[in-house]
A.B. asks: 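Submitted below is the structure of interest, expressed as C-alpha cells.
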Amino acid sequence: MSHPLDAADLTILRSLQEDCRLGLEELAHRCALSVPSVQRRLKRLREAGLIEKEIAVLDPAGFDWKMTFVVMVELERESLQQLDLFRKRAKAEPQVQQCYYVTGEADFILICTARDMQDFEALTHRLFFEDSNVRRFRTSVAMDRTKVSLSLPI
C-alpha cells in the first residue's frame, strides 16, 4: 500500500472480518467517517489486495458435507515442478477447502470435506493414489468444529 493503515482502515477491516454483509452506513458509523469516505477506503483496500475475498461461511450441518479431514501429504520428489503440480491438483479439487505448503514431517497439509467415508475414499484416490509423486498421506478426522475462521488479529 502507498500509505500505512490508520485506525479507520483497521476498524473497517475488523468489522468486515466479523460480518462482510455490513452496509456502508454501518461501517461509516463505526469509524466516524462519511459513506463516500468509506467507499473510497474500501476501494483502496481491495485494489491493494488487503481484502482478497468476501465470502459466506456455510454451516456444513445444513448440507451433505458432514465430515472434515486434516490430511498431511508427503511427496516423493520436491522439485519446483512437482510442487506446482500438486498445488494445481489441490486448488482444482472442490473438496479441498484449504491447502498449506509446510515444513516438518509433511510437505502439504490439506483441510478437506466429504459427505461420508466412501466420498473421502474417492477423494483420496483422485488426489493421492492416482499421483505417483505422493509418497504417503496421513489423515485425521475432525470430531468437532470448535473454531472456523480466517480472521487476522489486526
Side-chain angles (χ1 to χ4, degrees), residues 1-22 27 38-154:
M1 290 207 39
S2 59
H3 64 285
L5 299 175
D6 62 14
D9 290 329
L10 293 173
T11 298
I12 291 168
L13 292 170
R14 281 187 203 105
S15 297
L16 290 177
Q17 284 189 122
E18 285 177 26
D19 184 358
C20 71
R21 296 176 300 170
L22 290 174
L27 289 171
V38 170
Q39 284 177 310
R40 284 190 300 275
R41 286 170 181 264
L42 278 171
K43 182 178 182 206
R44 180 175 43 84
L45 293 167
R46 288 177 178 128
E47 288 174 351
L50 292 176
I51 299 175
E52 286 185 14
K53 203 181 268 194
E54 296 169 62
I55 64 167
V57 178
L58 304 180
D59 180 0
F63 302 90
D64 284 339
W65 303 98
K66 306 253 186 260
M67 301 189 78
T68 300
F69 301 86
V70 179
V71 186
M72 297 177 67
V73 181
E74 293 178 47
L75 300 181
E76 196 68 47
R77 295 168 304 284
E78 295 183 55
S79 69
L80 289 177
Q81 180 183 14
Q82 292 294 332
L83 293 171
D84 286 342
L85 284 172
F86 187 82
R87 281 185 184 105
K88 286 177 187 171
R89 288 173 59 103
K91 284 181 182 179
E93 176 55 59
Q95 287 179 250
V96 174
Q97 296 178 306
Q98 297 176 53
C99 176
Y100 299 95
Y101 177 49
V102 297
T103 62
E105 294 180 33
D107 297 306
F108 288 92
I109 294 180
L110 307 179
I111 309 297
C112 302
T113 188
R115 290 183 172 95
D116 52 34
M117 288 304 291
Q118 291 77 22
D119 189 39
F120 180 68
E121 183 180 13
L123 174 65
T124 64
H125 285 265
R126 287 192 307 275
L127 268 184
F128 311 129
F129 291 117
E130 293 176 9
D131 185 342
S132 63
N133 195 40
V134 173
R135 178 183 304 152
R136 75 178 65 110
F137 65 95
R138 291 187 304 281
T139 303
S140 295
V141 179
M143 301 292 289
D144 180 45
R145 286 171 42 117
T146 303
K147 179 180 180 179
V148 176
S149 174
L150 293 175
S151 296
L152 296 175
I154 56 171

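By convention here, the first residue in the shown sequence is residue 1.
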A.B. asks: Could you tell me if the side chain of T139 sits less than 4.5 Å from the side chain of V71, heavy atoms only?
C.D. replies: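 The answer is yes; the side chains approach within 4.5 Å.
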A.B. asks: Less than 4.5 Å apart, side chain to side chain, heavy atoms only: is that true for W65 and L58?
C.D. replies: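 W65 does not reach L58 side chain to side chain.
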A.B. asks: Between the side chain of N133 and the main-chain N/O of L75, is any donor-acceptor distance below 3.5 Å?
C.D. replies: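 Between the backbone of L75 and the side chain of N133 there is no qualifying donor-acceptor contact (under 3.5 Å).
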A.B. asks: Tell me which one of L110, V141, I109 satisfies side chain to side chain contact (heavy atoms under 4.5 Å, CB included) with V70.
C.D. replies: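 Answer after filtering L110, V141, I109: I109.
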A.B. asks: To the nearest 0.5 angstrom, please state how far the CE atom of M67 sits from the CD atom of Q95.
C.D. replies: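 It comes to 12.0 Å.
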A.B. asks: Quick one: CD on E93 to CZ on R126, what's the gap to the nearest 0.5 Å?
C.D. replies: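 That separation rounds to 4.0 Å.
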A.B. asks: To the nearest 0.5 angstrom, please state how far the CG atom of D107 sits from the CZ atom of R87.
C.D. replies: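 The CG atom of D107 sits 10.0 Å away from the CZ atom of R87.
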A.B. asks: Is the shortest heavy-atom distance from the side chain of Q82 to the side chain of E76 under 4.5 Å?
C.D. replies: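 When only atoms from C-beta onward are counted, E76 and Q82 do not touch, as no gap falls below 4.5 Å.
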A.B. asks: Would you say CD of E54 has more than 12 non-hydrogen atoms from neighbouring residues, nucleotides or ligands within 6.0 angstrom?
C.D. replies: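 It does: E54 CD has more than 12 such atoms within range.
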A.B. asks: Give a yes or no on this: more than 12 heavy atoms of other residues, nucleotides or ligands lie within 6.0 Å of atom CZ of R21.
C.D. replies: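 At most 12 heavy atoms, drawn from other residues, nucleotides or ligands, come within 6.0 Å of this atom.
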A.B. asks: To the nearest 0.5 Å, tell me how far Q118 CD sits from E121 CD.
C.D. replies: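 If we round to the nearest 0.5 Å, Q118:CD and E121:CD are 7.5 Å apart.
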A.B. asks: Keeping R138 on the side-chain end and E74 on the backbone end, is there a donor-acceptor pair under 3.5 Å?
C.D. replies: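 No; judged by distance alone, with no hydrogens or angles, the pair does not exist.
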A.B. asks: Counting only N and O atoms by type, is there a donor-acceptor contact under 3.5 Å from the side chain of K66 to the main-chain atoms of A114?
C.D. replies: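 Not confirmed, K66 side chain does not pair with A114 backbone.
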A.B. asks: Ignoring hydrogens, what is the shortest heavy-atom contact between V96 and A90? Give both atom names and the distance.
C.D. replies: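 Taking every non-hydrogen atom into account, CB-O, 3.6 Å.
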A.B. asks: Closer than 4.0 angstrom, basic N to acidic O: yes or no for D6 and R41?
C.D. replies: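 Salt bridge present between D6 and R41.
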A.B. asks: Any side-chain heavy atom of D119 within less than 4.5 Å of one from D64?
C.D. replies: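 D119 does not reach D64 side chain to side chain.
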A.B. asks: Fit a plane to each ring of Y101 and F108, take the angle between them on a 0 to 90° scale, and name the class: parallel (under 30°), tilted (30 to 60°) or perpendicular (over 60°).
C.D. replies: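 It falls in the tilted class, 30° to 60°.
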A.B. asks: Tell me the closest heavy-atom pair linking D9 and P4, and the distance in Å.
C.D. replies: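 Taking every non-hydrogen atom into account, OD2-O, 4.3 Å.
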A.B. asks: A side-chain contact here means heavy atoms from C-beta on lying under 4.5 Å apart; do P60 and T113 qualify?
C.D. replies: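 Answer no - side chains too far apart.
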A.B. asks: Hey, what do you get for CG (L42) to CZ (R46), rounding to the nearest 0.5 Å?
C.D. replies: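 Going from CG on L42 over to CZ on R46, the span is 4.5 Å.
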A.B. asks: Should F69 and M117 count as side-chain neighbours, where that means a heavy-atom distance under 4.5 Å?
C.D. replies: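 Yes, close enough: below the 4.5 Å cut-off.
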A.B. asks: Can you tell me how far NZ of K43 sits from CD of E47, rounded to the nearest 0.5 angstrom?
C.D. replies: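 These two atoms lie 4.5 Å from each other.
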A.B. asks: When you measure from the side chain of Q17 to the backbone N and O of L152, does any donor-acceptor pair fall under 3.5 Å?
C.D. replies: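 Looks like yes, one N/O pair under 3.5 Å.
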A.B. asks: Give me the atom names and distance for the closest heavy-atom approach of V134 to L127.
C.D. replies: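 Heavy atoms only, the tightest pair is CG2-O, 4.1 Å.
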A.B. asks: Tell me, do L150 and V57 make a side-chain contact under 4.5 Å, heavy atoms counted?
C.D. replies: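 Side chain of L150 against side chain of V57, heavy atoms only: no contact under 4.5 Å found.
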A.B. asks: Would you mind reporting whether I154 and L5 have side-chain heavy atoms less than 4.5 Å apart?
C.D. replies: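 Side-chain contact under 4.5 Å: no.
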